[in-house]
Protein chains: 2
Amino acid sequence: MTEAGKPGFSDCNNATLRRAARSLGRFYDDALAPSGLKSTQFGLLFQIHISDEPAMGTIAEALIMDLSALGHTLKPLIRDGYLETFPDKDDRRVKRVRLTPRGQAKLDEALKLWSVAQQQFEKKVGAEQAAKLRAALDAVADLDLEMPTAAPSN
Amino acid sequence: MTEAGKPGFSDCNNATLRRAARSLGRFYDDALAPSGLKSTQFGLLFQIHISDEPAMGTIAEALIMDLSALGHTLKPLIRDGYLETFPDKDDRRVKRVRLTPRGQAKLDEALKLWSVAQQQFEKKVGAEQAAKLRAALDAVADLDLEMPTAAPSN
DNA sequence: CGCCAAAAGTGGCATATGCCACTAATTTAG
DNA sequence: CTAAATTAGTGGCATATGCCACTTTTGGCG
């Protein structure tokens, strides 16, 4: 398109994605509110739950998030006693994370709330559609995107 | 679930969406870095650019973001002289926003960087596919999701 | 063994977002 | 017209995320 109309928002894939994330995030956050957890925290607890005492770097990689950002995000959950860390036996640089009993209980509680939201969402868009969307999003997330001219010192 | 195992991450539509957003956000952020703008700021400037001196509430609604969050996000852009606000003539409660010449120039500069990233992305996933994904995301963002029993005291 | 490069986190700083309580300006009752 | 209800923002507080500079450990190597 040599010019012409703006589509309302923008054709920016990133902007569209963020907008949807804000919208959906609010919905899941509302659903989880009774548990006191944010949807991001729930996701983090869940990821740790399905992993085996993962190292911080492992979690960050799985969630495609910055290691330091993960560290910051972990703090309130540790402070509230849902998670605890301990050093890896073979490599003292590595810090592993696990759910405390309290964290496990909180996760169980949150899971019930989460599934209501999840089902509500899937009922609206259809389970098939939702699965396809997730697949598409995972594909996007795992794309190996790279800038062509990755900033030559020039 | 009739069968076991964790799907890798989670079936949570929200978690998947956020993960993709972090991933893609990083890509666009890297592309925009030379301009000094974050992809979120770029999106905000663009939204204001295609609107006609929009009121803050209007912008927040279009981007589906909290009004106060918008206010916070606007600050660094105003501080850096890219945007300016002014009261609506008929309703003094309303604060309208517009790009300054400097902001317009910065947006133009960023647009060039953005389109490289955008094209790179579309080359990877295909323009068709990208358009479909954006449509799906917009549909999700505009869903009228509501909790069934909004938390009965159980 | 001692030195250096790579790996894993931490802390500081800045932006992104949300919620809530509060203020100012308008609109709507009465 | 005046008081109650509503609307538009603001400011404070808390979490979400990233980047960068450092510190601590490791793992190689000569």
Side-chain angles (χ1 to χ4, degrees), chain A residues 14-15 17-33 36-45 47 54-61 63-80 82 85-97, chain B residues 14-15 17-33 36-45 47 54-61 63-80 82 85-97:
Chain A
N14 184 53
L17 190 49
R18 291 190 77 90
R19 180 168 173 272
R22 281 191 296 271
S23 180
L24 197 59
R26 196 135 116 78
F27 176 62
Y28 278 81
D29 275 345
D30 286 348
L32 289 167
L37 293 178
K38 304 302 199 60
S39 61
T40 42
Q41 302 181 312
F42 166 74
L44 196 43
L45 292 187
Q47 178 64 38
M56 285 182 56
T58 305
I59 300 172
E61 199 178 337
L63 298 182
I64 309 185
M65 61 185 296
D66 184 86
L67 177 58
S68 72
L70 172 64
H72 300 150
T73 305
L74 245 30
K75 274 174 192 163
L77 294 169
I78 293 174
R79 176 201 61 199
D80 296 340
Y82 299 142
T85 59
F86 60 99
D88 181 275
K89 283 151 194 58
D90 306 311
D91 190 334
R92 268 181 297 178
R93 286 172 305 179
V94 176
K95 193 194 277 189
R96 290 180 176 284
V97 188
Chain B
N14 184 52
L17 191 48
R18 291 190 77 90
R19 180 166 173 274
R22 280 191 296 270
S23 180
L24 198 58
R26 194 134 118 79
F27 176 62
Y28 277 83
D29 275 346
D30 285 348
L32 289 167
L37 292 177
K38 305 299 199 64
S39 61
T40 43
Q41 302 182 312
F42 166 74
L44 195 43
L45 292 187
Q47 179 65 38
M56 284 183 56
T58 304
I59 301 172
E61 201 177 337
L63 299 182
I64 310 185
M65 60 185 297
D66 185 84
L67 177 58
S68 72
L70 172 64
H72 301 150
T73 304
L74 245 30
K75 274 174 193 164
L77 294 170
I78 293 174
R79 177 201 61 199
D80 296 340
Y82 299 142
T85 60
F86 59 100
D88 181 275
K89 287 165 188 54
D90 306 312
D91 190 334
R92 268 180 299 175
R93 285 173 305 181
V94 175
K95 193 193 276 191
R96 290 179 177 284
V97 188

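Reminder, nothing fancy here: chain letters follow the sequence lines and each chain counts from 1. All of these numbers come straight from a predicted model, not from anything done at the bench.
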### Query
Within less than 4.0 Å of OP1 or OP2 of D/dT15, is there a side-chain N or O belonging to A/R79?
yes
#### Entry: Rounded distance in Å - CG (B/D29) to P (D/dA16)
19 Å
### Query
What's the closest nucleotide to the A/A55 side chain, out of C/dG9, D/dA16, D/dG9?
C/dG9
### Query
Taking only N and O in the side chain of B/R26, is any of them less than 4.0 Å away from OP1 or OP2 of D/dG18?
no
### Summary
5'-most contact on DNA chain C (nearest-nucleotide basis), A/G71 vs A/K38, goes to A/G71
### Proximity to the side chain of B/V94 - top-ranked nucleotide from D/dG9, C/dC19, D/dG18
D/dG9
### Task
Pick base, sugar-phosphate or nothing for A/D66, based on heavy-atom distances below 4.0 Å to the nucleic acid.
base
### Task
In whole angstrom, give the distance that lies between atom CG of B/L70 and atom P of D/dT10.
9 Å
### Query
Please give, in whole Å, the distance from C/dA16 P to A/L17 CG?
16 Å
### Query
Looking only at side-chain N and O atoms, does B/R22 come under 4.0 Å of OP1 or OP2 in D/dT17?
yes
### Query
Heavy atoms, side chains only, cut-off 4.5 Å: are A/M56 and A/L74 in contact?
yes
### Message
Nearest whole Å is fine: how far is D/dT10 C1' from B/I78 CD1?
### Response
12 Å
### Query
Side-chain N or O of A/T73 less than 4.0 angstrom from OP1 or OP2 on D/dT15?
no
## Note on the structure
Taken to the nearest whole Å, CD/A/Q41 to C1'/C/dT17 is 14 Å
### Query
Taking the side chain of B/M56 as its heavy atoms from C-beta onward, which of D/dT15, D/dG9, C/dG9 lies nearest to it?
D/dG9
### Task
To the nearest Å, give me how far apart CG (B/L45) and P (C/dA16) are.
10 Å
### Task
Using a strict cut-off of less than 4.0 Å between a Lys/Arg side-chain nitrogen and an Asp/Glu carboxylate oxygen, indicate whether A/K38 and A/D29 qualify as a salt bridge.
no
### Residue A/D91, side-chain atoms from C-beta onward, closest of D/dG9, D/dT25, D/dT17
D/dT25
### Task
Give the nucleotide from the list D/dT17, C/dT15, C/dT17 with an atom nearest to the side chain of A/T40.
D/dT17
### Task
Measure the shortest side-chain to side-chain distance between A/L67 and A/I59 over non-hydrogen atoms and say whether it is less than 4.5 angstrom.
no
### Message
With rounding to the nearest 0.5 angstrom, report the CG to CZ distance, A/N14 to B/F27.
### Response
10.0 Å
### Query
Hey, does the side chain of B/S68 come within less than 4.0 Å of D/dG9's phosphate (OP1/OP2), counting only N and O?
no
### Task
Please report, rounded to the nearest Å, how far the C1' atom of D/dT25 is from the NZ atom of A/K89.
17 Å
### Task
Please state how far atom CG in A/L67 lies from atom C1' in D/dA21, giving the value in whole angstrom units.
14 Å
### Task
Would you check if A/R96 and A/V94 make a side-chain contact, meaning some heavy-atom pair closer than 4.5 Å?
yes
### Message
Looking at A/H72 and C/dG9, is any side-chain donor or acceptor paired with a base atom of the opposite kind under 3.5 Å?
### Response
no
### Query
Looking at B/R18, does any N or O in its side chain come under 4.0 Å of the phosphate oxygens OP1/OP2 on D/dT17?
yes
### Query
According to a strict under-4.0 Å criterion, is A/K75 in side-chain N/O contact with OP1 or OP2 of C/dG11?
yes
### Message
Return whichever of B/R93 or A/R93 has its heavy-atom-nearest nucleotide of DNA chain D closer to the 5' end.
### Response
B/R93
### Query
Heavy atoms under 4.0 Å, any strand shown: does B/G57 hit a base, just sugar-phosphate, or nothing?
sugar-phosphate
### Query
Between A/L63 and A/Q47, is any pair of side-chain heavy atoms under 4.5 Å apart?
yes
### Message
Counting only side-chain heavy atoms from C-beta out, which of C/dA25, D/dA8, C/dG18 sits nearest to B/R92?
### Response
C/dA25
